[in-house]
Amino acid sequence: MKNSLADWLIFFLDKISVVASFKLFSMPDESEGDHHYQDISYFRRGDLLEVPRTLFVHFGIYLGNNKVAHLMPDILPTLTDDKCLIDKVVTNKRLILGVLAKVASIRVDTVQDFAYGGTIIVNHMDSSFKTKPLCNEEVAQRAEKLLGATPYSLLWDNCEHFVTYCRYGLPVSFQTDKFCETVKRIIRDQRSVFLSAALGLVLILCLGMEPSTTLPSLFITFSLWMAS
């Protein structure tokens, strides 16, 4: 039962990532002087690489010799010690289970495996920080010192926190900030209160006046009302 539920959840999340046509955690407009490269000869050791994906942007630090250090959620290291299996490209299934289990590592992959077919943007974040980036060699050395298992949180300790710490000395995630701001706007929008009240009423009408439906509906609606 647990396996079938996990498989269903992975399938569902996988399909969302395929069909979604918007970037929930997108960065600022990429037309503002960004440097897009596919030829690794343009990369310098210590460069901050980012690859826009469907729902988010993935980040890494270039180490030279076609290698990138990046933080990746991955469930496999908790299931096996086989280094050959672990070193293979992290599949969507491994990644999603790693996110759910909050298990991750900072690993080294080739530029091609890191990009996963996406476009690579170089040092785009330099214009977003008031402080200058550290020298490239120090950036790369910071990344190399952190290789291995690491704490992980989708919002508070992700791949963006890793690269900003390495390059700027401060772990920051603009994607998290944008997500939290979006959630804040939704909560403070009074239409959310009426929507939750309407959904709660529908559940009560369909399932009856049971504590398991009535209490959560009232609590959510009341919380949204107080926060709006």
Side-chain angles (χ1 to χ4, degrees), residues 1-20 23-27 48-63 66-118 120 125 139-180 182-183:
M1 180 65 179
K2 289 183 178 179
N3 288 337
S4 62
L5 182 60
D7 289 340
W8 180 89
L9 182 59
I10 292 167
F11 174 80
F12 178 70
L13 294 175
D14 216 12
K15 293 307 176 186
I16 288 178
S17 67
V18 171
V19 302
K23 290 183 174 62
L24 181 60
F25 302 124
S26 61
M27 294 296 291
L48 192 160
L49 309 184
E50 56 186 273
V51 179
R53 303 280 174 83
T54 304
L55 295 175
F56 58 91
V57 181
H58 188 52
F59 298 87
I61 298 294
Y62 186 62
L63 301 180
N66 197 35
K67 300 296 183 182
V68 181
H70 58 135
L71 190 156
M72 280 288 287
D74 184 10
I75 194 67
L76 196 57
T78 65
L79 304 177
T80 180
D81 293 326
D82 190 331
K83 195 172 184 301
C84 292
L85 286 176
I86 294 172
D87 287 345
K88 290 182 179 179
V89 179
V90 178
T91 62
N92 285 339
K93 186 173 183 177
R94 285 169 58 182
L95 186 148
I96 291 170
L97 288 176
V99 169
L100 296 175
K102 293 189 174 184
V103 176
S105 63
I106 296 169
R107 53 183 283 147
V108 175
D109 284 305
T110 65
V111 171
Q112 293 74 23
D113 288 343
F114 163 76
Y116 212 66
I120 298 174
M125 215 178 283
V139 174
Q141 289 180 6
R142 280 181 169 228
E144 289 168 339
K145 287 178 181 178
L146 294 173
L147 293 178
T150 185
Y152 176 77
S153 167
L154 181 62
L155 293 180
W156 315 119
D157 200 351
N158 58 41
C159 61
E160 191 173 3
H161 291 99
F162 161 65
V163 297
T164 52
Y165 166 76
C166 291
R167 189 164 176 84
Y168 310 105
L170 184 66
V172 173
S173 174
F174 294 110
Q175 296 182 104
T176 294
D177 292 345
K178 185 172 182 179
F179 173 78
C180 292
T182 300
V183 172

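Predicted model, so just to flag it, every value in this text is computed and none were measured.
Side-chain contact between Glu144 and Leu63 is present, with heavy atoms from C-beta onward closer than 4.5 Å. With contacts defined as side-chain heavy-atom distances shorter than 4.5 Å, the pair Thr176/His161 qualifies. At a threshold of 4.5 Å between non-hydrogen side-chain atoms, the residues Leu48 and Tyr168 count as touching.
For the atom pair Ile106 CD1 and Phe162 CZ, the distance stands at 4.5 Å (nearest 0.5 Å). Separating the CD1 atom in Ile120 from the CD atom in Glu50 is a distance of 10.5 Å, to the nearest 0.5 Å. The structure places OH of Tyr165 at 12.0 Å from CD1 of Ile61, a figure rounded to the nearest 0.5 Å. Taking CG of Leu79 as the start and CZ of Arg94 as the end, the distance is 9.5 Å to the nearest 0.5 Å. Between atom CZ of residue Phe59 and atom CG of residue Leu71 there is a gap of 12.0 Å, rounded to the nearest 0.5 Å. Atom CG of Asp74 and atom CD1 of Ile86 lie 7.5 Å apart (nearest 0.5 Å).
A salt bridge (Lys or Arg N to Asp or Glu O under 4.0 Å) check over residues 145-159, counting only residues at least two apart or in different chains, returns nothing.
Closest approach of Val90 to Pro73, counting heavy atoms only: CG1-O, 3.8 Å. Here the closest heavy-atom approach between residue Val111 and residue Lys67 is recorded as CG2-N, 4.4 Å. Of all heavy-atom pairs between Val68 and Tyr62, the closest is CG2-CD1, 4.1 Å. When every heavy atom of Ala101 is checked against every heavy atom of Ile75, the shortest pair comes out as CB-CD1, 3.6 Å. Across every non-hydrogen atom of Asn158 and Ser173, the tightest pair is ND2-OG, 3.6 Å.
Side-chain atoms of Arg142 do not come within 3.5 Å of backbone N or O of Arg167 as any donor-acceptor pair. Judged purely by atom type and a 3.5 angstrom limit, Gln175 has no side-chain atom pairing as donor or acceptor with the backbone of Phe56.
Ring pair His58/His70 is perpendicular by interplanar angle, where above 60° counts as perpendicular and below 30° as parallel.
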